Each structure stands twice: as structure tokens, then as C-alpha cells.
Amino acid sequence: MSEEKSLNFIEEIIEKDIENNVHNGWVQTRFPPEPNGYLHIGHSKSICLNFGLAKKYYGKCNLRFDDTNPEKEEVEYVESIKEDIQWLGFQWDNEFYASDYFDKLYDFAVTLIKKGLAYVEDASSEEMAKLKGTPTAPGSDSPCRSRNVEENLDLFTRMKNGEYADGTRVLRAKIDMAHDNMIMRDPVIYRIKHTEHHRTGNAWCIYPMYDFAHGQSDSIEEITHSICTLEFIPHRDLYNWCIEKLEIFPSRQYEFARLNMSYTLMSKRKLLTLVNEKFVEGWDDPRMPTISGFRRRGYTPESIREFCDKIGVAKRDNMIDTSLLDFCLRDHLNQIALRRMAVLDPIKLVITNYPAHITEEFLEAENNPEDIEAGYRSLPFGNELWIERTDFMEDAPKKYFRLGPGLQVRLKSAYIVECHDFKKDEAGQITEVHCRYFPESKSGHDTSGIKVKGTIHWVSCAHAKDAEIRLYDRLFTVENPAASEEELKDILNPDSLHIIPNAKIEPALLNASRTDKFQFLRLGYFCLDKNSVVDKLIFNRTVGLKDSWAKENKQ
RNA sequence: UGCCUGAUGGUGUAAAGGUAGCACAGCAGUUUUUGGUACUGUUAGUCUUGGUUCGAAUCCAGGUCGGGUAACCA
């Protein structure tokens, strides 16, 4: 018997509905992106919620593109969105487009006109704004509000037929110019745009507004629970008004708080700016909070799903610490990543007592201590090795468990060595570390009885290959970039990308494939970048390992 | 300013009138051929003022603070 996980407020609503046999207990959700940009980590919360709910309650979840504004929407975005959702591990039951419903939506508008609930407005948007009133003062009726049904029908038909220029007329719902909710003061529901649409081409020159498309689309698809973010709360009145007046399937809208994450930007508009102004390489730049950026960076869908599960669903504004995503990422990567060795900032370690007649020695090294099934690899060893510059100190402090004059360490999967000498250049930089090794301390066959505090990673000089390694840091310097008054470029972290052109990697990495996840021992998790080629391998650091030494060292 | 929302450790999120719990982060320790992992312990919280009640994070009233909204965007 395991403790039942508590329900979030949406699950509570759904379970109550099922209990009350609403729609015979059927649950249908949808994920409704506008194809005007790439999906980001905030969308994954919505994706996990909508698809997750459908799965949990044996219902269905549609993918529906909210493509009612042809000026901003493109096929490229449609394709990327589909790829991202599938990569995250979800499959929609139907692929729909709001533009599929343009005929029906037009008919709905006509219905409203016939009921005397919509009218054609001649005023410009500025004039309309003036008549709209303010939150404290009621609006006033436009002269067009009293047009009769026939005239409205005629005018709307002409709008549709392309007789009017953009911006000259709109169709408005006739609700209440004094309503407390400004959105209900005769909202625009159709506007003229002589713009080619990515799916319907030039078939239409009038397009429905969000408020006249989204809810009706939900209704057409018989979405039972239409889940959106908090900023749509004021729209719920209109959502329900349309359903009531049109007498169509009563979808219900529920709102949850969108994901905010520290040092991360979730605005599609601002992310587009980063792309357009070339602050990043593209939508899938590994520093971007887009799903495609995370994918390229080496994140796993499992870790993102786990993250979405952990952050929960509620109505209060939140700011999730990036460390939670890091935790989910490391947790998964630790289980699956193949262990390899790479040296980012190499200095040479010479084993002075290594037998001259041995030209090459192969050791057996585990691929993943968390997963015995992952097996072992053959690891070449020799008398000259690359080790990390930070793993040697001339004057080591007490708690330094690495190399220094007279100090001993184990070379991972190999032997214990003791430093007896080192060389420096004129600048005082260490160039070589000289050690003696203990042949009887061989990994797995250690009979030396020597105990060492530290183990370091290494790569055999004779067998090492070069690779470019890209280290990433947060893109922004401020915790809440969305709230910053500064310009985007002024809050960008200048050190968000650090390229190491010639790191030394062990030869097993030559066979790396794009889908492999690696842990470079003691450094972090890495994956091949999409631009990596055989002649020039490029690895992205997905995330570093927790580093309690770095923390202690700081103090 | 109207309307709508919300308020629990540093950050998230539970507790549906009955012991404020879990996770991340932090701190301390154990184990370790990764200063990783694993494991153990630990710091820290109900916005405020009243009321109802044997009993309030929870119900009621007032206040305070936060967020949303006032596009021919979604």
C-alpha cells in the first residue's frame, strides 16, 4: 500500500466531474499553441498537464494550433512544435488547427448577428478605445451598435468578400458597454486582414480573434476541460458567453499559474528577439530555454517530465529555482550516462618508473557504476598522461585530495601514483608533473595496501584525441529577466558560452553518437552537438556535476 | 482606480476543522577507485487583525501585500 499522491486542483475538478457523471465521465483536453515561435520549458508544463490528464483519466488530448493570426504564424513553427511534443514523449489523438474551423466560425458569427448579438463597427481602433471607457467609467455605445440585422449581415458578407481594407471595419459582439470586465465591452470578434495564411492561403481576408476562435474550437472538439494560464481568467466570461449564446458544447475553462524559472525568460516575443538579433545561435541554441535548446544541450525528456511533475500545478504565481531542473536532470543522467574521461585544461603527468618496454597497456573501465549491464570498456594507459591542471598544486592545503609534491592519488581505473617532481615554465605555469606509480596497485587487483584520499581522471597522451568542448552558463545575469527594466542585451551573461577548442578525450569517445549521454568523470554530463563531425568533435556540457570541493574552496 | 486572482520555511508544493508534511536548496556527517552517486541527521514556514469553535493554515469579516486585466495579439 503506497500513500496516494495528493491531487492538484484541476485533478480535483476532474474527479468531481467524473463522480457527477459530467459528459458521462469523459475527459478531453487539448494543447493549443500558436505557431508563432518555438516551444519553451514553460510550455512543457502545459503539455505534461494536458497530455498527462488525458492519459490519467483515459481520455484524449488533441494538438490544436491556434492559428488565427496569419501575420505571425509560420509552417516552420508548426513543424518544430510537433517535433518537440513528440520528443517530450507525448502523442496527440488528433492534429487540428483553428483554421480548420474558419467556415464554422464564420457561421457562428452569422448566427450571432442574426440573434442581434453582433454588429459591424466602422470606427477605427482608436475611436473604439475612446468609447470603451475606463475601468472606473462605463463605456458608451457606438453609433454602429444600433444597426439592424440585415445591414450587419450585408456588411459582414462584404467584409468577407474583401470589399474593405484592413482596419476599416470589425465585427463586434454586442454585450455590455458598461460591463465591469473590460473584455465584455463589445469585444472585437472578427477583423479584416488581407494576409495569406499558412494553411488557408488566400481563402479568407477576415480572421476571428482569439476569443471567438479558442472557445468555439474547444467546443467543436468537445473539449471537456480547457486548461490555460492565469492571464486568461478575464476571458472566461466571454468564453462562457459565446458558448451560451451559440448553444454549443459547454467546454469549461480552468486556469493555472504558468511556470516561471529563475534566470530564465519565457516570453516567446523576447526569445524571438534573442534569435533575430543574433544574441544566440538560433531557437535551439543550447542556452535557450526552448525545448529544442534543451534537447540540443543534452537534457532528456524524462528529466523534463519529472521536473514538471515535481513543480506541481496551482494558481499562485511561482518562481522555480533552476536547481530543481538541474536536480531532475542529474538524477536521470546519473542513471544512464556512459562514464568517459576527458581533460579540459591539460598538463602532462609523466610516470618516471613506468617500464620502458611497455608501449601500451589496456585497462578495463566500467561504463556506468550505477548500471552493471552497461559493461566495461578498454582504456589505454601509458607513461605519459594528460591530467587536469586543477588536479595539481605546488602548495596544497590540508584538505586537498589531489596531486602535489609528495602526494598520492589514484588514477581512475588505473594505478596509484606519487608525485616526486614537477616542472614550471618562465611564467610559473606548471608544465609537467612527475610521478612514480605502484605496479601492484592496479585497479581491481590492488595488493599494495596503499590508501589514498583522492582519485583523478586522465587520458593517455599517446591515445588522446582532440575535441571542442562547449561550456554553458546561465544566459541572464538577473534572477527575473522578464521583470527587468534593462534592455535584453544588458542583462545577458557575457560568459554564457565558454569554448574549449582542444580538450583531450579518451579514444572510446570517437564512436559517440548523437543520442549518447556521457558523464565525463568529475566534470559533468556531456553530449555530442548537432554540428559535430568526425574530423571535429564537439561536445556540449549539459550540466556540471555537483561540486562540493568548489563550494568548500570558495570559503 | 474598477474588476478578477492569490498569499504555508530561501524555492516549490501538501494537509478538505484535529500532530504543519514532502521535494529542491542550505548545513553537518557516513560510505565511496568520480570531492559524483547512495545513505543519515539537521536548520527553517501558515501575511495581519478580529470573529466562529473544545480545536483554525483551513470557515467568516476587515486590512496588508503580490499578480493579472483595460490589443483589429494569443
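First the proteins, then the strands, lettered A, B, ... as listed; each starts at 1. As the structure is a computational prediction, the values presented were derived from the model and not from experiment.
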Practice item. Could you tell me whether A/V313 contacts a base, only the sugar-phosphate backbone, or nothing, with contacts defined as non-hydrogen atoms closer than 4.0 Å? Key: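 Answer is sugar-phosphate: A/V313 comes under 4.0 Å of backbone atoms only.
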
Check your understanding: For A/F327, which contact category applies under a 4.0 Å heavy-atom criterion: base, sugar-phosphate, or nothing?
Key ->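 Contact class for A/F327: sugar-phosphate only.
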
Check your understanding: 5'-most contact on RNA chain B: A/R402 or A/G312, nearest heavy atom basis?
Key ->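 Here A/G312 is the residue nearer the 5' end.
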
Check your understanding: 5'-most contact on RNA chain B: A/D331 or A/H445, nearest heavy atom basis?
Key ->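 Between the two, 5'-proximity favours A/H445.
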
Is the phosphate of [N], meaning OP1 or OP2, less than 4.0 Å from a side-chain N or O of [X]?
X: A/R316; N: B/rA7; result: yes
X: A/S548; N: B/rG36; result: yes
X: A/K453; N: B/rU33; result: no
X: A/R522; N: B/rG35; result: yes
X: A/K551; N: B/rG26; result: yes
X: A/R191; N: B/rC73; result: yes
X: A/S124; N: B/rC72; result: no
X: A/K193; N: B/rC73; result: yes

[atom1] of [X] versus [atom2] of [N]: gap in Å, rounded?
X: A/D309; N: B/rA14; atom1: CG; atom2: P; answer: 12 Å
X: A/N181; N: B/rC4; atom1: CG; atom2: P; answer: 9 Å
X: A/N367; N: B/rG36; atom1: CG; atom2: C1'; answer: 17 Å
X: A/E71; N: B/rA74; atom1: CD; atom2: P; answer: 10 Å
X: A/D391; N: B/rG36; atom1: CG; atom2: P; answer: 14 Å
X: A/R339; N: B/rU34; atom1: CZ; atom2: P; answer: 11 Å
X: A/D211; N: B/rU69; atom1: CG; atom2: C1'; answer: 12 Å
X: A/I372; N: B/rU37; atom1: CD1; atom2: P; answer: 18 Å

Practice item. Quick one: sort the A/Y38 and A/Y77 rings into parallel, tilted or perpendicular, breaks at 30° and 60°. Key: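 If you compare the ring of A/Y38 with that of A/Y77, the planes turn out perpendicular.
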
Review point. Relative to the ring of A/F294, is the ring of A/Y299 parallel (under 30°), tilted (30 to 60°) or perpendicular (over 60°)?
Key: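 The rings of A/Y299 and A/F294 sit tilted, inter-plane angle from 30° to 60°.
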
Which of these nucleotides, [options], is closest to any side-chain atom of [X]?
X: A/F232; options: B/rG36, B/rA74, B/rU34; answer: B/rA74
X: A/E34; options: B/rU11, B/rC73, B/rC72; answer: B/rC73
X: A/M319; options: B/rU69, B/rG12, B/rG35; answer: B/rG12
X: A/L545; options: B/rU34, B/rG35, B/rA74; answer: B/rU34
X: A/P369; options: B/rG35, B/rG36, B/rC72; answer: B/rG36
X: A/N318; options: B/rG66, B/rU5, B/rU13; answer: B/rU13
X: A/R410; options: B/rU33, B/rG36, B/rU11; answer: B/rU33
X: A/D66; options: B/rA25, B/rA74, B/rU13; answer: B/rA74
X: A/D180; options: B/rG2, B/rC73, B/rG12; answer: B/rG2
X: A/I233; options: B/rC4, B/rC72, B/rU1; answer: B/rC4

Is the base of [N] touched by the side chain of [X] through a donor-acceptor pair closer than 3.5 angstrom?
X: A/H235; N: B/rA74; answer: yes
X: A/E12; N: B/rA16; answer: yes
X: A/E255; N: B/rU5; answer: no
X: A/S443; N: B/rU33; answer: yes

According to the Watson-Crick and G-U wobble definitions, with both distances under 3.5 Å, which nucleotide is paired to [N]?
N: B/rA71; answer: none
N: B/rU64; answer: B/rA7
N: B/rG45; answer: none
N: B/rU58; answer: none
N: B/rU34; answer: none

[atom1] gap between [N] and [M], integer Å:
N: B/rC73; M: B/rA61; atom1: P; result: 41 Å
N: B/rU19; M: B/rC3; atom1: P; result: 38 Å
N: B/rA57; M: B/rU8; atom1: C1'; result: 7 Å
N: B/rU69; M: B/rU1; atom1: C1'; result: 13 Å
N: B/rA16; M: B/rG12; atom1: P; result: 22 Å
N: B/rU43; M: B/rG29; atom1: C1'; result: 15 Å
N: B/rU53; M: B/rG41; atom1: P; result: 42 Å

Review point. Does the side-chain ring of A/W549 sit on the six-membered ring of the B/rG35 base, less than 5.5 Å centre to centre and under 30° in tilt?
Key: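 Stack criterion met.
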
Does the ring center of [X] lie less than 6.0 Å from the ring center of [Y]?
X: A/H197; Y: A/F102; answer: yes
X: A/Y97; Y: A/F65; answer: yes
X: A/Y239; Y: A/H235; answer: no

Review point. Would you say A/F96 and A/Y101 make side-chain contact, with heavy atoms under 4.5 Å?
Key: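 Yes; the side chains approach each other to less than 4.5 Å.
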
Check your understanding: Any side-chain donor-acceptor pair under 3.5 Å between A/Y525 and A/Q519?
Key ->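 A/Q519 and A/Y525 do have a side-chain donor-acceptor pair below 3.5 Å.
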
Check your understanding: Would one find more than 12 heavy atoms of other residues, nucleotides or ligands at under 6.0 Å from atom NZ of A/K56?
Key ->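 Buried by this count: over 12 neighbours within 6.0 Å.
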
Check your understanding: What do you reckon, is CZ of A/R269 surrounded by more than 12 foreign heavy atoms closer than 6.0 Å?
Key ->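 At most 12 heavy atoms, drawn from other residues, nucleotides or ligands, come within 6.0 Å of this atom.
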
Exercise for review: Identify the heavy atoms of A/E388 and A/L344 that sit nearest to each other, and give their distance.
Suggested key: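 A/E388 and A/L344 have their closest heavy atoms at OE2-N, 2.9 Å.
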
